[in-house]
Amino acid sequence: MQLRIGIDLGGTKIEGVALGEAGRTLARLRVPTPQGDYAATLAAVAGLVERIERETGRRGTVGVGMPGAPSRVTGLIKNANSTCLIGRPLQGDLQALLGREVRLANDANCFALSEAVDGAARGAAVVFGVILGTGVGGGIVVNGRVLEGANAIAGEWGHNPLPRPAGDDLPPPACYCGRAGCIETYLSGPGLALDHARQGGAPLSPEAIVAGAAVGDPACEASLQRYERRLARALAGVINLLDPDVIVLGGGLSNIPRLYERVPALWGAEVFSDHVATRLARACHGDSSGVRGAAWLWPD
Ligand SMILES: [Zn+2]
């Protein structure tokens with residue numbers, strides 16, 4: 001019987017999971033991420049794999065999900081917010097340490113894969129997974145496989161411009177990537193809070209804005225409606241390009257129940273089709289999607 005080990009290498013914690021038959025969780029461990037220390041990070045990942053294999057008494061395949069991706073040109077990590085990983089040959093170093101092939105993928109891709117294999121998009125051919133959290137990420141899965149792309153950035157949609165900016169979208173908020181008006185600047189949690197404040201609202205957290213809208217606060221309700229219209233426009237662009245069967249939302253803002261009714265009611269006006277069959281679904285595996293998807297990088 002195959003043991004699939006998934007590792008989610010996050011900025012604050014490293015989580016490991018072991019999946020057995022039919023995706024059943026056999027072990028789950030987490031340790032804090034050594035801050036700014038590459039060698040200690042490698043050792044922490046290897047330590048988790050060893051502990052999981054000791055607990056389960058079996059040797060497993062290893063998949064690792066992380067922010068960023070290996071460069072197609074150099075194999076070195078790029079775009080990672082855990083900056084000690086940038087420019088490092090993470091895959092090669094882990095393979096040497098663990099004595100086996102290791103598969104590495106972007107964490108948004110792992111999220112999409114997890115939901116496509118046995119989550120909210122189970123059985124769907126084309127899946128777009130979106131993380132709406134501190135940042136905005138995306139990943140594409142086609143027929144159960146992550147689509148990585150020629151530049152290893154397939155699905156990276158957060159730094160596209162928000163489509164058709166007008167009225168209260170302007171001026172476009174500055175983005176850390178050096179541009180302005182990126183989808184992430186409107187649709188991340190900090191983006192929602194910033195927008196609420198820009199429109200004259202009190203300085204509130206995203207959670208407080210959502211809670212305010214739920215009890216009828218007019219300013220919070222208006223902010224959430226702007227958020228829904230922008231999300232609908234941004235996802236309509238994805239539907240026009242990729243035409244996915246299912247779009248799965250994860251991350252903190254995916255916990256807003258009304259998105260799943262309101263956004264599909266709005267996106268029809270923006271999609272170049274008489275009918276939109278694409279389903280908008282909430283992630284099944286919650287915070288575990290990333291680590292489960294890393295394990296599923298070894299499907300067979
Ligand atoms: Zn940007």
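Heavy-atom basis, side chains included; hydrogens, waters and symmetry copies ignored.
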Worksheet item: Any link between Met66 and Val31 through a network of hydrophobic side chains (Ile, Leu, Val, Met, Phe, Trp, Tyr) touching at under 4.5 Å?
Response: yes

Item to complete: Check whether Val246 and Val238 end up in the same hydrophobic cluster, where Ile, Leu, Val, Met, Phe, Trp and Tyr are linked by side-chain heavy atoms less than 4.5 Å apart.
Response: no

Discussion item. If we ignore hydrogens and angles and just use 3.5 Å, is the side chain of Arg72 paired with the main-chain N or O of Gly149 as donor and acceptor?
Written reply: yes

Item to complete: State, with a plain yes or no, whether a side-chain heavy atom of Val45 is found less than 4.5 Å away from one of Glu50.
Response: no

Worksheet item: Less than 4.0 Å between a side-chain N and a carboxylate O, is that true for Arg230 and Asp195?
Response: yes

Discussion item. I want to check something: taking the side chain as every heavy atom from C-beta on, are Ile7 and Leu48 in contact at a cut-off of under 4.5 Å?
Written reply: yes

Fill in: Nearest-0.5 Å distance that lies between atom CG in Leu162 and atom CZ in Arg229
11.5 Å

Discussion item. Hydrophobic clustering (ILVMFWY, side-chain heavy atoms < 4.5 Å, transitive) - are Val291 and Ile5 grouped together?
Written reply: no

Worksheet item: Are the side chain of Glu228 and the backbone N or O of Val263 linked by a donor-acceptor pair below 3.5 Å?
Response: no

Discussion item. Within this structure, what is the SG-CG distance for the pair Cys182 and Asn160, rounded to the nearest 0.5 Å?
Written reply: 8.0 Å

Worksheet item: Under the 3.5 angstrom rule, does the side chain of Ser273 hit a backbone N or O of His275 as a donor-acceptor pair?
Response: yes

Item to complete: Determine yes or no for a side-chain-to-main-chain donor-acceptor pair under 3.5 angstrom, with Glu221 supplying the side chain and Gly216 the backbone.
Response: no

Item to complete: Could you tell me whether Glu115 and Arg292 have a side-chain N and a carboxylate O separated by less than 4.0 Å?
Response: no

Discussion item. I'd like to know if Glu148 pairs up with Arg103 as an ion pair, taking the criterion as any Lys NZ or Arg NE/NH1/NH2 lying under 4.0 Å from an Asp or Glu carboxylate oxygen.
Written reply: no

Item to complete: Taking atom CZ of Arg59 as the centre, report whether more than 12 heavy atoms of other residues, nucleotides or ligands fall under 6.0 Å from it.
Response: yes

Worksheet item: Is Thr33 reaching over with its side chain to a backbone N or O of Gln35, donor-acceptor style, under 3.5 angstrom?
Response: no

Practice prompt. Considering non-hydrogen atoms only, spot the tightest contact between Val62 and Trp298 and give its length.
Written response: O-NE1, 2.8 Å

Worksheet entry | Pairs involving residues 236-272, ordered by first then second residue, that meet ring pair (Phe, Tyr, Trp, His ring centres under 6.0 Å) (sequence neighbours left out) | none

Response to the item:
When rounded to the nearest 0.5 Å, the distance separating OG1 of Thr134 from CG of Leu253 is 9.0 Å

Discussion item. Take a 6.0 Å sphere around CD of Gln2 and say whether it holds more than 12 heavy atoms from other residues, nucleotides or ligands.
Written reply: yes

Item to complete: State, to 0.1 Å, how close Leu104 and Pro70 come at their nearest heavy-atom pair, and which atoms those are.
Response: CD2-CG, 3.9 Å

Worksheet item: So, are Glu53 and Arg100 salt-bridged, with charged N and O less than 4.0 Å apart?
Response: yes

Item to complete: Determine the minimum heavy-atom distance between Arg58 and Leu26, stating which atoms define it.
Response: NH2-CD1, 3.1 Å

Worksheet item: Do you know the tightest heavy-atom contact between Ala236 and Glu270?
Response: CB-CB, 3.3 Å

Worksheet item: Any side-chain heavy atom of Leu249 within less than 4.5 Å of one from Ile131?
Response: no

Item to complete: State, yes or no, whether a side-chain contact exists between Asp168 and Leu170 at a heavy-atom distance under 4.5 Å.
Response: no

Worksheet item: Does the side chain of Ile14 reach to within under 4.5 Å of the side chain of Pro34, using non-hydrogen atoms?
Response: yes

Worksheet, complete the sentence: Heavy-atom closest pair (Gly65 atom, Cys110 atom, distance to 0.1 Å) is CA-SG, 3.6 Å

Item to complete: Go through Leu204 and Cys220 one step at a time and tell me if the side-chain contact (heavy atoms from CB on, under 4.5 Å) criterion holds.
Response: CA-CA 9 Å; Leu204 295 179; Cys220 293; 3.8 Å; yes

Item to complete: To the nearest 0.5 Å, tell me how far Leu90 CG sits from Leu9 CG.
Response: 6.5 Å

Worksheet item: What's the verdict on side-chain contact (heavy atoms from CB on, under 4.5 Å) for Leu85 and Tyr38, showing C-alpha distance, side-chain angles and the deciding distance?
Response: CA-CA 6 Å; Leu85 302 176; Tyr38 179 66; 4.0 Å; yes

Worksheet item: Is it the case that more than 12 heavy atoms not belonging to Arg198 sit under 6.0 Å from its CZ atom?
Response: yes

Discussion item. Rounded to the nearest 0.5 Å, what separates atom CG in Leu259 from atom CG in Leu224?
Written reply: 6.5 Å

Discussion item. How close do Leu194 and Pro173 get, counting heavy atoms only, and between which atoms?
Written reply: CD2-CB, 4.0 Å

Practice prompt. Would you please test Glu261 and Leu280 for side-chain contact (heavy atoms from CB on, under 4.5 Å) and show each step?
Written response: CA-CA 9 Å; Glu261 246 174 73; Leu280 185 66; over 6 Å; no

Practice prompt. May I ask you to decide if Gly251's main-chain N or O and Ser254's side chain share a donor-acceptor pair within less than 3.5 Å?
Written response: yes

Worksheet item: Do other residues, nucleotides or ligands put more than 12 heavy atoms under 6.0 Å from Asp287 CG?
Response: no

Discussion item. Any heavy-atom pair between the side chains of Leu266 and Gln225 that's under 4.5 Å?
Written reply: no

Discussion item. Count I, L, V, M, F, W, Y as connected when their side-chain heavy atoms are under 4.5 Å apart, and connections chain through other members. Are Trp157 and Leu192 then in the same cluster?
Written reply: yes

Worksheet item: Tell me, do Val141 and Val126 make a side-chain contact under 4.5 Å, heavy atoms counted?
Response: no

Practice prompt. Could you please spell out the steps behind the side-chain contact (heavy atoms from CB on, under 4.5 Å) verdict for Asn109 and Leu113?
Written response: CA-CA 6 Å; Asn109 289 355; Leu113 181 59; over 6 Å; no

Item to complete: Please tell me if the side chains of Pro67 and Asn106 come closer than 4.5 Å, counting only heavy atoms from C-beta onward.
Response: no

Worksheet item: Is any NZ, NE, NH1 or NH2 atom of the basic residue among Glu15 and Arg28 found under 4.0 Å from an Asp or Glu carboxylate oxygen of the other?
Response: yes

Worksheet item: When you check the side-chain N and O atoms of Arg226 and Ser223, is any donor under 3.5 Å from an acceptor?
Response: yes

Discussion item. With clusters defined by side-chain heavy atoms of hydrophobic residues (ILVMFWY) lying less than 4.5 Å apart, directly or transitively, does Val127 cluster with Leu147?
Written reply: no

Discussion item. Enumerate the ring pair (Phe, Tyr, Trp, His ring centres under 6.0 Å) contacts for residues 161-218, please, sequence neighbours excluded, ordered by first and then second residue.
Written reply: His159-Tyr176

Discussion item. With a 4.0 Å cut-off on N to O distance, would you call Asp169 and Arg233 a salt bridge?
Written reply: yes

Item to complete: Could you tell me the separation between the CG atom of Leu242 and the CD1 atom of Ile140, rounded to the nearest 0.5 Å?
Response: 5.0 Å

